[in-house]
Every structure is written in structure tokens, then in C-alpha cells.
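Here the structure is laid out as C-alpha cells; the discussion comes afterwards.
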Amino acid sequence: MLACVVHGAHDLRIDTIPAPEPGPGLVAIDVAYGGVCGSDMHYVNHGGIGDFPLQEPMVLGHEVSGTVAALGDGAQAPAVGTPVTVYPASPCGVCPECLDGRANVCRDTRYLGSSMRFPHTQGGFAQRIVVRPDQVVALPDGLDLRRGALAEPLSVALHAVRRAGDVRGKRVLVTGAGPIGALVVAVLAHEGAAQIVVSDLVDGALAISRAVGATATVRADDPADPNWPDEVDIAIDASGSPHGVAAGAARLVRGGRLVLLGILPPGQTPFPGNLVVTRELEVVGAFRFHDEIHDAVRLLADGLDVDAVITGVVPLHEASRAFEMAADRASSSKVLLDLRAGSSS
Ligand SMILES: [Zn+2]
Ligand SMILES: [Zn+2]
């Protein structure tokens, strides 16, 4: 079978590797679509992400949909042929965080296509993958495989908004209008935020955020833009940039909440700490997600309008082109790889 493998910075290949067989209790999935994520692009452009450099070749991808292909002995999972999406984490289930309902920060987890551990956890941009039954989430009627590939990033957005607290009627600034920022906007709109202002450096990304529910957008590099809010109750950084974090903190009401969602550059980050002190801001992190994937597939099946976020679908053998498209933020948001056997442009 074919898989999209990163061998190092600027070394992305389509490799032929053996198709895995499901061991006892496990489930094989024929992957249909895989969303190219900012983290996948980090591996290709920089040979690693955050503080975790690549140490061996790794199949990329953690935002996948597909169909159940085979069940290992005794596997309790949806029947062969069921359309599914994949919860990319396999938390340990026994650490204090798992027992406390925070499996997204499990201290002994694995995540598809991640170099945080060694050996690395191979990812989902392969024509067949094998996962645990608790990673398999059946797609409800009305949710096709293409949109099903958005369940993972939408879950990330749901978790971040949950970390923000009750958003109904609130004024919110979202810094960063990439795919995750846009999905955060869609969730905020769905949950009844009164005002959703979005900042970014790229007009195309701002246009997508308006299409999914932003009430106003501003250029991050134009401090004189009249659409900047004077004050917000919640700021969510989806830019992963110290500037985005600072822009949010600077506009928070006293006692407001700052959610750090975007992964920041490696090492120490400049941070407006005195604003946190003197305005008694609450700063929380948002990392991955856990149960939110069930809400995500439900929202997508119910018609949450996020189609503007998918800006391209590219066959697996043109993966390099998919990565170039995804990197061109002026014209792209979420780009999907089509991994179905026999798919072509
Ligand atoms: Zn992702
Ligand atoms: Zn755990």
C-alpha cells in the first residue's frame, strides 16, 4: 500500500509499505481522506514540531476518515464497511489525568503521526491503518467521508471553546484564522457568542472566517483598523504566534480569559505577564481533545456549515502539491488528501 512519509525536512515521499493486519482486538481502517494539518507541515518544513524533532521516517497525518476494513479477533467495533473517523490518540487509561477525565493530557499517550515519542507514532496518511476500537468513531447518517475528515480539527476547536468557558453572549477575539481558527469561529457562532472578531495577516483566511460566522475581521498588522474591539471577554489564540497572544491579552477585560491553542515556537515565548497580573487575567492552555469527537461528528452530521474551510482535495500521489497548497495561506485553508485506492485527479 501507499503512504505519505516524511523522511526529514523538505523530504516528503510516497512510499510503498506493507499493509498492516489487525492483531487481536484491533481494527483495520481503509483510509479515505486525510486533512493536512499545520503540524504535518511543520514536519515537512522544519523536520519536527515544537520541541520534538524527527528521529526516523514517519507516516504523517492524524485527521482521517475511512471505512472499517477488517476486525482482529474479538475486536468490539463497528462492522466491516462502516464509514468512520478516527480518534487519533490512544491514552493509557490508568494515569492520574486519564482517571480524572483529562485523557487529552495523558502522560503516556500516543498520537497518530507524532514525533513526541520514540519510536514515533506512525500516522494516518496511509491507505490502511490499524487502531484500537476506542479510536473508531462511526459517522452518523448524513455525514460523508469528506466532511468526516474534519471531525478531528473540529474537536480541537470544540475543546478550545470548552476551555474558554460559557461563551453565550460573550465578546470574543480569535487571533489566527487558519483552519483551526476558522473552526473555533464556527463553534463560537454555534454556541451563541455575541461578537466574534478574528485577526490574521491573510485576507483569504479572514474571508473564510467570515463565511463560518465571524462578525468582524481585522488585519493583524494594522493596529489602526477600526474593527479591532476595544475590549473582549475571551481571547483565543489560534495563531501560535507571540504577537497573536499579545494582541488577545491586550484587549481582554479585567478578569477575562486567554486560551492558548496554537503551538508556539520552540523554547521561551515573550509574554505580557504584567497584563495577567494587573488585570487578573485567566490564562489556560488547550491541547488536543478527548470526548469532543462525538460532539464533532454530531455537529457535522447536523449540518454545521464549515464547508468553506475545505479548499482542496488532492490525490495521495500528489501529496507534495497538497502540502504546497496548504502552505499557501492566501488561497488555501484545509486541504484534504484523497487516499482511496485507485483515486486520481
Ligand atoms: Zn491537526
Ligand atoms: Zn493516561
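Just so it is clear, the values below take in all heavy atoms, side chains as well, and ignore hydrogens, waters and symmetry mates. All ligand and atom numbering here is 1-based and tracks the order in the structure.
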Tell me the protein N, O or S atoms under 2.8 Å from the Zn ion (ligand 2), in chain and number order. Cys92 SG, Cys95 SG, Cys98 SG, Cys106 SG
Could you check whether any side-chain N or O of Asp100 sits under 3.5 Å from a backbone N or O of Arg102, counting only pairs where one atom can act as donor and the other as acceptor? no
Would you indicate whether the side-chain heavy atoms of Leu60 and Val44 approach each other to under 4.5 Å? yes
Counting the benzene-type ring for Trp, do Tyr87 and His290 have ring centres under 6.0 Å apart? yes
Give, for atom CG of Leu336 and atom CD of Glu63, the distance between the pair rounded to the nearest 0.5 Å. 8.5 Å
Does Thr175 use its side chain to pair, donor to acceptor, with the backbone of Ser239 at less than 3.5 Å? no
Nearest heavy-atom pair of Val309 and Ala182: which atoms, and what distance? CG2-CB, 4.0 Å
Is Trp228 reaching over with its side chain to a backbone N or O of Val197, donor-acceptor style, under 3.5 angstrom? no
Among protein atoms, how many N/O/S atoms lie less than 2.8 Å from the Zn ion (ligand 1)? 3
Does Gly285 offer a backbone N or O that forms a donor-acceptor pair with the side chain of Arg163 under 3.5 Å? yes
Non-hydrogen atoms of His159 and Asn104 that approach each other most closely: NE2-ND2, 3.3 Å
